[in-house]
Amino acid sequence: MARPTTTRRVGILTAGGDSPGLNAAIRGFGKAAIGHHGMELFGFRDGVTGLVENRYIELDSARLSGILTVGGTILGTSRDKVHRWNVDGETRDMVPTVVENYEALGLDALVVLGGGGTAKNAQRLVDAGLNVVHLPKTIDNDIAETDTTFGFATATEIATEAVDRVHSTAHSHHRIILTEIMGHRAGWLTLAAGIAGGADVVLIPEIPYTVESVADTIKARLERGSSFSVVAVAEGARDVEDTADYEAAQLLVQVAKTPEARRAAKAHLAHVEDSQREHSFRLARELEAATGLESRVTILGYVQRGGAPCAADRLLATRLGAAAADLVARGEYGVMVAARGDGTVPVPLSDVAGKVKLVPPDHGWVEAARKVGTGFGD
Ligand code: F6P
């Protein structure tokens, strides 16, 4: 039943890398906003790009039907940054344009579905006076202040199945198979899938590894009669030396005082990151030399982000979407809707923007894995 509300016109967009559950969240928010609170809803195309270029469609109940189970996002997405817009090779701040478009459409609020980068964009719009609510999505599960994010459960299912499946082929050929899983900063997905898929070694960015330690775990298995091993390795995992180089390059960016020094430090960081990109293949060669077992690499890539969301993500996205509609109806803005246990809580965006939730090296999942004999390469 529609109830009287002062918030009548709301915009919504999806930004950052796509993630299973985005459509479920659009639907969850939209059905509650339109059906329960009597609002009108406008969907901006391709993340903040649509907001800057004023490209949107009206989302009515019919448009929201049948999308709960659909992967990707019906609105499209991008990783564009609202304050750093490239126009003919020049960088411009488009926040004033976004404010104009928001006002011209007569919006009362804007709902943004995204990860850490989106939270930063959202904070800039809040600072410019817009009424914004953020919903946490990412397969990486690395957003601060929320128990979890939608997309993570689905990606965990997919990566777990992959780790499961490589077991039989590794076993048949007496090989080491390294399964590279997404997550360039946080290792949650690799850790979850590695544990659930029974990987023998789990390598994540938060725990630097040495080749010797990984090889020791594999050799110990050989001695016990297991002539194969499965390694779940995060795309951002690094050995001890690479970690030191990477952290030193990051520090240079942080301490750079002038724009020129910052540019040079960023270029150096990009170079370090580039040189470390093929690390799974290098590790496979090193393990082959250290153990005498043939090694192979499987990079899971975008299958982890594509396709239908699992039941847990559909449930989470619907809960967060409906909770966001309530917040918008109450005029509670400048917040992210965090998942906490079975409930949700609004958290100030300033507590989320620019932060990354990493795996604490003594996290319960890590400790449980160590107790069942999983190696972390440290
Ligand atoms: O943030 C989600 C994520 O899938 C990361 O795990 C991965 O490192 C990154 O996006 C890849 O981004 P893109 O698709 O833009 O290359």
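Computed from heavy atoms alone, side chains included, the values below leave out hydrogens, waters and symmetry copies. Counting starts at 1 for both ligands and their atoms, in listed order.
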Between D140 and R185 (salt bridge meaning N to carboxylate O under 4.0 Å), is one present in this structure?
no
Taking the non-hydrogen atoms of G183, is any one of them nearer than 4.0 angstrom to ligand 1?
yes
If you compare K137, E235, H184, R305 by their heavy atoms, the one closest to atom 11 (C) of ligand 1 turns out to be R305
Would you indicate whether H171, at its atom NE2, is surrounded by more than 12 heavy atoms from other residues, nucleotides or ligands within a distance under 6.0 Å?
no
Angle class for the W365/H363 ring planes (parallel below 30°, perpendicular above 60°, tilted otherwise)?
perpendicular
Test: D93 and R124 ion pair at under 4.0 Å:
no
Going by the atom numbers of ligand 1, which of them fall below 4.0 Å from some non-hydrogen atom of M182?
4 (O), 6 (O)
Run the salt-bridge test on R175 and E288 with the 4.0 Å N-O cut-off and return the result as yes or no.
no
Can you tell whether the side chains of E278 and R282 come within less than 4.0 Å, N to carboxylate O?
no
For D140, the ligand 1 atoms whose distance to one of its heavy atoms is below 4.0 Å:
1 (O), 2 (C), 3 (C), 5 (C), 6 (O)
Atoms in ligand 1 with a heavy atom of Y302 nearer than 4.0 Å:
13 (P), 14 (O), 16 (O)
Protein heavy atom at shortest distance from atom 9 (C) of ligand 1
R79 NH2, 3.7 Å
Would you mind telling me if ligand 1 is within reach of the side chain of L189, the backbone, both or neither, using heavy atoms under 4.0 Å?
neither
